[in-house]
4 protein chains.
Amino acid sequence: MGADHHGNRYGRSEAARQAVLEAADDLLVEHGFAGLTIEKIAARAGVAKQTIYRWWPSKVDILLDAFGDDMAKALTPADHGSLAADLREHLAAVADFLTTNDAGAVYRALVGQAQHDPALAARLRDTHLAAQHLRDRLPFDRALARGELSPTLDLDLAVQRLMAVVHYRVLVTGEPVSREFTDPLVDSFLPTLPL
Amino acid sequence: MGADHHGNRYGRSEAARQAVLEAADDLLVEHGFAGLTIEKIAARAGVAKQTIYRWWPSKVDILLDAFGDDMAKALTPADHGSLAADLREHLAAVADFLTTNDAGAVYRALVGQAQHDPALAARLRDTHLAAQHLRDRLPFDRALARGELSPTLDLDLAVQRLMAVVHYRVLVTGEPVSREFTDPLVDSFLPTLPL
Amino acid sequence: MGADHHGNRYGRSEAARQAVLEAADDLLVEHGFAGLTIEKIAARAGVAKQTIYRWWPSKVDILLDAFGDDMAKALTPADHGSLAADLREHLAAVADFLTTNDAGAVYRALVGQAQHDPALAARLRDTHLAAQHLRDRLPFDRALARGELSPTLDLDLAVQRLMAVVHYRVLVTGEPVSREFTDPLVDSFLPTLPL
Amino acid sequence: MGADHHGNRYGRSEAARQAVLEAADDLLVEHGFAGLTIEKIAARAGVAKQTIYRWWPSKVDILLDAFGDDMAKALTPADHGSLAADLREHLAAVADFLTTNDAGAVYRALVGQAQHDPALAARLRDTHLAAQHLRDRLPFDRALARGELSPTLDLDLAVQRLMAVVHYRVLVTGEPVSREFTDPLVDSFLPTLPL
DNA sequence: GCCTAAGCGAGACGGTACGTCTCGTCTTTGA
DNA sequence: TCAAAGACGAGACGTACCGTCTCGCTTAGGC
């Protein structure tokens, strides 16, 4: 690619792609979703508008792309050996992701936009949410393998019951979701599980 | 212009107000949040743009106004004499409101927009969500008064645990929330409450 | 926004109109037809692009408008009492208009553009060239009335024979058209007329 | 051009050059000067844009190139033995060239463009107009050699007086220039020449 | 029964951002 | 070494709405 580079026949410019994604991320965090325009992204990234329109149909597509694997990286629950420990850590991680992480800001913006954009909603679920659900379920899968849980338990519902509370407080009520909230939540939740 | 009225000195035109609110509601349902512009609302309502800007600072203010007491009307749980019945009916009502009601569409749009508009988020909570939380709690309040529940129970948290799941499925995962889902949810939830 | 005026219901802004026309004129003279863009006209005139698009379909329409009555003002031949004097003065005026006048620059640009724009060509003729031909003919009309010319003379053709040479040298060969050229041209032309 | 050639080390492709020139000519006639873009020429010619930019600085250079010797071919007056016959034929040929010939369309486009492009104007004159003037003068040169004309006559001016009228009517007034116009023009012009 | 002032429909205004188009440059790959 | 293919930065295009402003009409209370 050399120093500044201006395109070639076989393939797009990875430098331009990265510049756009970073510019979009920065502008979202700095000026919010409303302050995020293609015009500004292009200016900030030092890229022509056409280059953006060539590769991304809309600004939410840029965000989806910028979002990338950030969620997987931030929200893959580690194995602490017990369901309680796993869930405590994971819920804290989810809360942290949603409220303080840059990628979490992108996530919230996308979920917000998905409320008035069904196509985005579908892509968001297919691309990220389905995979994240599987990661959210990992502690339960491991607990089940360890024999900590009854095989009759509806794992998917159990997962949702925990994740929902954190999301509800962040997306709807706006209440804080500190460790002082999530740890007792897990502790009061576990005894309600069969076995 | 004709004879039908153009304002007067003492007070605004209720006809214009209603026309704006209805136009906003219709346009939101028909064309989504993106297709909702002041220009179109004015045209549809047969009202001058200035009349809108005179009374509402932004289009979300119009929606907040159009939203009005719809939530209270649709989501005030009736007293069926038992916590189980109350909750079953209420959760079904909430799910129905969120997924099929016109006012529910406005609600989802506002919650979505609130993800990238903190000022709206605050007003939404102050204006509607706090009051709705009190309504959501009514079945528990009545159950407590009846002695169905232990006084040690954290009612607010209990309410959130139920409401969160419905919201999570509607706002995030997009899964259906039918009676086949909500009734078992209530049934499996109640036994986990103390006493 | 400033207090200085922003439009009202009954009529367009004459200030905005004038600013656009002057900006277009200036830019044409300074940067040529290629350097004349709606974008730059709007910027120079301190006017919104939409204001230009609202009132003029294209940039040649602006030039046609800016052109206005400039040709009539500059090229109406005065009556000097004799055909020779009238024609000498008028041809010198035409040459001067075509080569040094700002409106003449606009005229040349429009004629140039008309070579690849039949619609413009038609409008240019209908709006300005037909009227100018009548003005060009005035010296002959007066000479005929005075009895200086034979009634059998084809006045229109005589007019064209003189005008054509000046235009040809300006538009095609680019040769200078000074008084040293036009005066002898008239002097050698007159004796060829009948009577 | 097809598959038979894609660059070699021994000079540029004549096939590509011809394809470009023909494509430019066709597009000018079909879509006018405005519809003539490098992009479209490249597409029509089956040639890479860079190949065009490598060899021609601008689209008017392509036209100049495409114009080539067309004017010389079309507008070299044959010798009919008399000035009157030569001029009648030549003026008719010029009128035909300007109004119906493809190369004439290119010529008009170039002259039009030259009105707002001084560099093109200079090149057009140096490359083609000066030579054409000499060709236009041939009938007079021959008449002079035959003794049909006085040696005191300003041949260049005489030539211009005839050519100017045809150009003026084509480029400016848009009036038709049929044989019914040009023949009488010549007939009424000749008697005004000094023996 | 006028006077007057606020509300109204209408719409022009200066702007911002949109998404499209063409331009001329640059780089890679193949013949 | 040149031609092809095509991505790139640049920037003008015409459109849609934004929020502000002015205009002249309508209309209800107060004089």
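All figures in this text were calculated on a predicted structure; none of them were measured in a lab. Protein chains get the first letters and strands the later ones, always in sequence-line order, with residue 1 at the start of each.
- Every pair passing side-chain hydrogen bond (donor to acceptor under 3.5 Å, both in side chains) that includes a residue from residues 101-112 of chain C is listed here, sequence neighbours excluded: C/Tyr107-C/His167.
- Across all non-hydrogen atoms, the minimal contact from A/Ala66 to A/Leu21 is N-CD2, 3.7 Å.
- Within residues 113-123 of chain C, no residue has any heavy atom under 4.0 Å from DNA chain F.
- Within residues 43-52 of chain A, the residues that have a heavy atom under 4.0 Å from DNA chain F are, in order of number, A/Gly46, A/Val47, A/Ala48, A/Gln50, A/Thr51.
- For the salt bridge (charged side-chain N to carboxylate O under 4.0 Å, His left out) test, no residue two or more places apart in sequence or in another chain qualifies with B/Asp69.
- Applying the salt bridge (charged side-chain N to carboxylate O under 4.0 Å, His left out) test to residues at least two apart or on different chains, none of the pairs has a partner in residues 109-121 of chain A.
- B/Asp70 CG to B/Asp25 CG: the interatomic distance, rounded to the nearest 0.5 Å, is 7.5 Å.
- The interatomic distance linking D/Lys40 (NZ) with E/dC21 (P) rounds to 11 Å, in whole Å.
- Under the rule for a side-chain contact (heavy atoms from CB on, under 4.5 Å), the partners of A/Glu22 that lie at least two apart in sequence or sit in another chain are A/Gln18.
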Please tabulate, for side-chain N and O atoms in residues 120-128 of chain C, each donor-acceptor pair with protein atoms closer than 3.5 Å (sequence neighbours left out).
residue	atom	partner	partner atom	Å
C/Arg123	NH1	C/Asp61	OD2	2.9
C/Arg123	NH2	C/Asp61	OD2	2.6
C/Arg125	NE	D/Val172	O	3.2
C/Arg125	NE	D/Thr173	O	2.9
C/Thr127	OG1	C/Arg123	O	2.4
C/His128	NE2	C/Gly68	O	3.3

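- Applying a 4.0 Å cut-off to non-hydrogen atoms, none of the residues of residues 17-31 of chain A approaches DNA chain F.
- Scanning both residues, C/Thr51 and C/Ala16, for their nearest heavy atoms gives CG2-CB, 4.5 Å.
- Heavy atoms of B/Trp55 sit under 4.0 angstrom from primed sugar atoms or phosphate atoms, though from no base atom.
- Of the two residues near DNA chain F, C/Ile38 and B/Thr37, the one whose nearest nucleotide lies more 5' is C/Ile38.
- Rounded to an integer number of Å, the gap from OH of C/Tyr53 to P of F/dA12 is 11 Å.
- Residues from residues 57-68 of chain C lying near DNA chain E, meaning a heavy-atom separation below 4.0 Å, are absent.
- At distances below 3.5 Å, not a single donor-acceptor pair connects side-chain atoms of D/Gln113 with backbone N or O atoms of D/Val60.
- Listed by chain and residue number, nothing satisfies the side chain to side chain donor-acceptor pair (under 3.5 Å) test with A/Asp26 (two or more places apart in sequence, or in another chain).
- Between D/Arg54 and F/dC2 there is no side-chain polar atom (N or O) within less than 4.0 angstrom of OP1 or OP2.
- Scored by the side-chain contact (heavy atoms from CB on, under 4.5 Å) test, A/Ala45 finds A/Ala19, A/Val20, A/Ala23, A/Val47 as partners (sequence neighbours excluded).
- Heavy-atom distances to DNA chain F give each of B/Leu36 and C/Glu39 a nearest nucleotide, and the one nearer the 5′ end belongs to C/Glu39.
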Is there a side-chain contact (heavy atoms from CB on, under 4.5 Å) between A/Arg17 and A/Trp56? Walk through the geometry before answering. CA-CA 10 Å; A/Arg17 181 175 173 275; A/Trp56 295 276; 3.9 Å; yes

Distance-only donor-acceptor hits, side chain of residues 30-43 of chain A, under 3.5 Å, sequence neighbours excluded:
residue	atom	partner	partner atom	Å
A/Glu30	OE1	A/Arg44	NH2	2.9
A/Glu30	OE2	A/Arg44	NH2	3.4
A/Thr37	OG1	A/Lys40	N	3.0

